2 protein chains.
Amino acid sequence: MPVTSKDIAEKLGLSQPTVSRILSGTQGYRASTETRQRVLEAAREMGYRPNAIARSLRGRRTDIVGFHTGYNYMSVRDAYMAAVLGGLQRVCDAKRVDILLLGVFHGRNTDDIYGELVNGRIDGLFLHTSAEDPLVAELAQSALPVVSISDAIPSLPSVVADDTDGIRQTVDYLWSRGHRRIAYIAPERHMISVDRRVETFREEMAKRRVSDATVIHREFTYGDASEDDGNLDETLNTLLALPERPTAACCWNDPCAMHLLRSCAKLGMRAPRDLAVVGFDGSLDQNLMMQTLTTIAVPWDTLATRALEVLRAQIQGGEVPRETIVPVTLLRGETA
Amino acid sequence: MPVTSKDIAEKLGLSQPTVSRILSGTQGYRASTETRQRVLEAAREMGYRPNAIARSLRGRRTDIVGFHTGYNYMSVRDAYMAAVLGGLQRVCDAKRVDILLLGVFHGRNTDDIYGELVNGRIDGLFLHTSAEDPLVAELAQSALPVVSISDAIPSLPSVVADDTDGIRQTVDYLWSRGHRRIAYIAPERHMISVDRRVETFREEMAKRRVSDATVIHREFTYGDASEDDGNLDETLNTLLALPERPTAACCWNDPCAMHLLRSCAKLGMRAPRDLAVVGFDGSLDQNLMMQTLTTIAVPWDTLATRALEVLRAQIQGGEVPRETIVPVTLLRGETA
DNA sequence: ATGAAAGCGCTAACAT
DNA sequence: ATGTTAGCGCTTTCAT
């Protein structure tokens, strides 16, 4: 049986609140030096550990924030997820907040999942899902502080990378390196971030009098799938079959870029000689690649810092910006 | 203000326990059909959500397990950490257990950290640290159920990969491919898993009448460091300078192997032609590599399953094996 | 089948 | 400076 403040109080012939006040460091309470001494010593001796659950029930606060991803095919194993969560982990640690890694709740209905989020265990939620997720509507009218991480959700405060500027930098860079025929490779899945990237890509190309810039939409499994599904092979073939064969490919994220590079390698093509390849996110560990990837690096720690700020502001009852945009930089690697 | 069971009881003129019994599905309680109906409907209407904190205080159970890594330079961003946590996440989700990602508690003392672990928020702990971590001694004599993940800790129940068999398979494989001069690359840091690997390596080589098998100890930063620290370049040079130049290198883990491969590439060497390279863990996503890595694949989902079993057995007060060993397989890639 | 009472361990309000 | 009382929301006796 764990030792409680009551146990200490009984042992010392004090009241339980006195012990609690001393041990929890209540503001504006000055215990007599002797009492304080005795309590602290008894606590140490008896191995007292304050019960966080009781404290939370009383204080309606847990100092725990949740992390939930609605893309149930995504796990922490994905480099992308790992980058996001790694940033949050570091930042939360510094603020003495712990992260409750909520299940993906496979096979459960929205209301059930919502219930798991608002049952008092967390003070706020980092949400990573799509705007269409039915959970979003529930959360939007709920009292639970939420921040959408890394994809913008109109109805929730969001913290996202600067998609527009990232693409601008990419096109600037490729253009300056002499590329004129650039293709954009996007997923089929709908994501606001990706929409913005595609739109900016078209705009930037149009500015340079390329009105029919190539955009290819192809879904592909990424993450920890054990086999390449070959979709990037097909995408590459599509690229190569274009009347005006592109000299550069702008991929919507890093795994997509890596898959494309592998498809190139299979055909004996090498980046950037035969095709320049650029990614987005900077989620992969460059040290583990044979060829470093040119990509738009998202500062995950900064993004996490902003996200936690937005969450805490809400927890403290403040107003927060609808959308916080984090600046990105072009990371020049060996592929473009 | 959230709706409580008391609110529902008052509204319906019932007692609070009755409402609670119906809503929580108390065993062996048969409410009258009418009462049950009214309660369920009121709960739905009023948006009742049971408070998990109150339930936990009462029941001394949270259905949350903690995850703590004492290697404070390691974050979820590391592919290794991501593989471990990804497995746990999947398995815990299936068992309806959530994971509390505890901070690394940077700059806090052991007793403080220990206090964060035994404050009632978690039912058990997945621990990833070294046997020398001072926290281990505290946990060993604590009532908190703990399981050491992926590195054996003598004083705690551990779930680990079969290091011995992994190395046996590796040497078997390399030998069968004609390699006779094989070097093992280990970290300087002390880890029981690595000791076992090195020991087995020496034994396997000795069995084949190679009594002075080469083992090189070199630390290197891995994970999300932004720059290669060059230690593998140096390691490679050491290998190449050996009187009997090895034809194969057995790396203690996958990132080490990848770093070595990069160092090779810098010198224009290619695996397996100029040097066969084998890793250990299978923590990296093969889809994202230009060349797939030959490695010992640890079945992370299985390891996670065993780990959760061991933890739950302890939580339920049962005895558990001191060490659970998970079988591994050689994954034949393109590097050896 | 339901209600009354108790208590999980803590903090806060009020009284002394 | 300390004690008394109350209550966070729930589950578990025990009584009816």
Side-chain angles (χ1 to χ4, degrees), chain A residues 1-40 42-43 46-64 115-116 118-123 143, chain B residues 1-40 42-43 46-64 115-116 118-123 143:
Chain A
M1 276 289 106
V3 177
T4 69
S5 55
K6 191 178 163 205
D7 295 336
I8 298 181
E10 276 167 5
K11 170 159 182 185
L12 301 182
L14 292 167
S15 78
Q16 178 270 325
T18 297
V19 172
S20 173
R21 284 187 273 244
I22 291 171
L23 261 22
S24 65
T26 304
Q27 282 296 333
Y29 176 68
R30 309 297 314 156
S32 75
T33 320
E34 197 215 326
T35 309
R36 150 161 276 115
Q37 207 67 313
R38 290 173 63 216
V39 168
L40 290 177
M46 302 168 73
Y48 170 77
R49 305 288 172 176
N51 183 313
I53 297 294
R55 192 173 277 179
S56 293
L57 180 59
R58 184 61 242 243
R60 301 184 150 74
R61 264 209 11 223
T62 58
D63 289 321
I64 293 174
E116 296 283 351
V118 297
N119 60 11
R121 296 181 303 172
I122 57 176
D123 294 340
Chain B
M1 275 292 104
V3 177
T4 69
S5 55
K6 192 178 162 203
D7 295 336
I8 299 180
E10 276 166 6
K11 171 160 183 185
L12 300 182
L14 291 167
S15 77
Q16 178 270 325
T18 298
V19 173
S20 174
R21 284 188 272 244
I22 292 171
L23 261 21
S24 65
T26 304
Q27 281 297 334
Y29 176 69
R30 309 297 313 156
S32 75
T33 319
E34 195 214 330
T35 309
R36 146 162 280 116
Q37 207 67 312
R38 289 173 63 216
V39 168
L40 290 177
M46 302 169 72
Y48 171 76
R49 305 288 172 176
N51 183 311
I53 297 293
R55 191 173 275 178
S56 293
L57 179 60
R58 182 64 242 240
R60 301 185 150 73
R61 263 208 14 222
T62 58
D63 289 322
I64 293 175
E116 296 283 351
V118 297
N119 60 11
R121 295 181 303 172
I122 57 176
D123 294 340

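Since this is a predicted model, take the numbers as computed values, not measurements. Below, read A as the first sequence line, B as the second, and so on, with proteins coming before strands; counting in each chain starts at 1.
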* Structure fact -> Per the under-4.0 Å heavy-atom filter, residues of residues 28-36 of chain A near DNA chain C come out as none
* Asked: Distance-only, no hydrogens or angles: does the B:Arg121 side chain make a donor-acceptor pair with backbone N or O of B:Glu116 under 3.5 Å?
  -> yes
* Base, backbone or nothing for each nucleotide of nucleotides 7-12 of chain C, written B, S, -, heavy atoms under 4.0 angstrom, 5' to 3'? -> BBBBBB
* Taking B:Asp123 for the side chain and B:Thr62 for the main chain, is one N or O donor matched with an acceptor at less than 3.5 Å? -> yes
* Asked: Atom OG1 in B:Thr4, atom CD in B:Glu10: separation rounded to 0.5 Å?
  -> 7.5 Å
* Asked: Excluding sequence neighbours, so at least two apart, what forms side chain to side chain contact (heavy atoms under 4.5 Å, CB included) with A:Arg21?
  -> A:Pro17, A:Thr18, A:Thr26, A:Tyr29
* **Candidate pair A:Asn51 and B:Asn119, rule side chain to side chain contact (heavy atoms under 4.5 Å, CB included), full reasoning** => CA-CA 5 Å; A:Asn51 183 313; B:Asn119 60 11; over 6 Å; no
* To do: With side chain to side chain contact (heavy atoms under 4.5 Å, CB included) as the test, would you mind laying out the steps for B:Gln37 and B:Ser32 before giving the verdict?
  => CA-CA 8 Å; B:Gln37 207 67 312; B:Ser32 75; over 6 Å; no
* Asked: Reading DNA chain D 5' to 3', which nucleotide is the first, and which the last, to come under 4.0 Å of any heavy atom in chain A?
  -> D:dA1 to D:dG9
* Asked: Does the A:Ser56 side chain pair with the main chain of A:Ala52, one donor and one acceptor, at a distance under 3.5 Å?
  -> yes
* Is the backbone N or O of B:Pro50 less than 3.5 Å from a side-chain atom of B:Arg55, with the two atoms forming a donor-acceptor pair by type? -> no
* Whether A:Ser24 side chain and A:Ser20 backbone form a donor-acceptor pair below 3.5 Å -> yes
* How close do A:Arg36 and A:Ile22 get, heavy atom to heavy atom, and via which atoms? -> CA-CD1, 3.9 Å
* Please give the angle, rounded to 10 degrees, between the axes at the start and the end of the helix from C:dA1-D:dT16 to C:dT16-D:dA1, where five pairs define each axis. => 40°
* **Whole-Å distance separating the CG atom of B:Leu23 from the P atom of C:dT2** => 14 Å
* Asked: Can you tell me how far the CG atom of B:Leu12 sits from the OG1 atom of B:Thr35, to the nearest 0.5 Å?
  -> 9.0 Å
* To do: Would you please name every residue forming a side chain to side chain donor-acceptor pair (under 3.5 Å) with A:Arg49, sequence neighbours left out?
  => B:Asp111
* What nucleic acid atoms does B:Gly25 come within less than 4.0 Å of, heavy atoms only: base, sugar-phosphate, or nothing? -> nothing
* Side chain A:Ser5, main chain A:Val19, donor-acceptor under 3.5 Å -> no
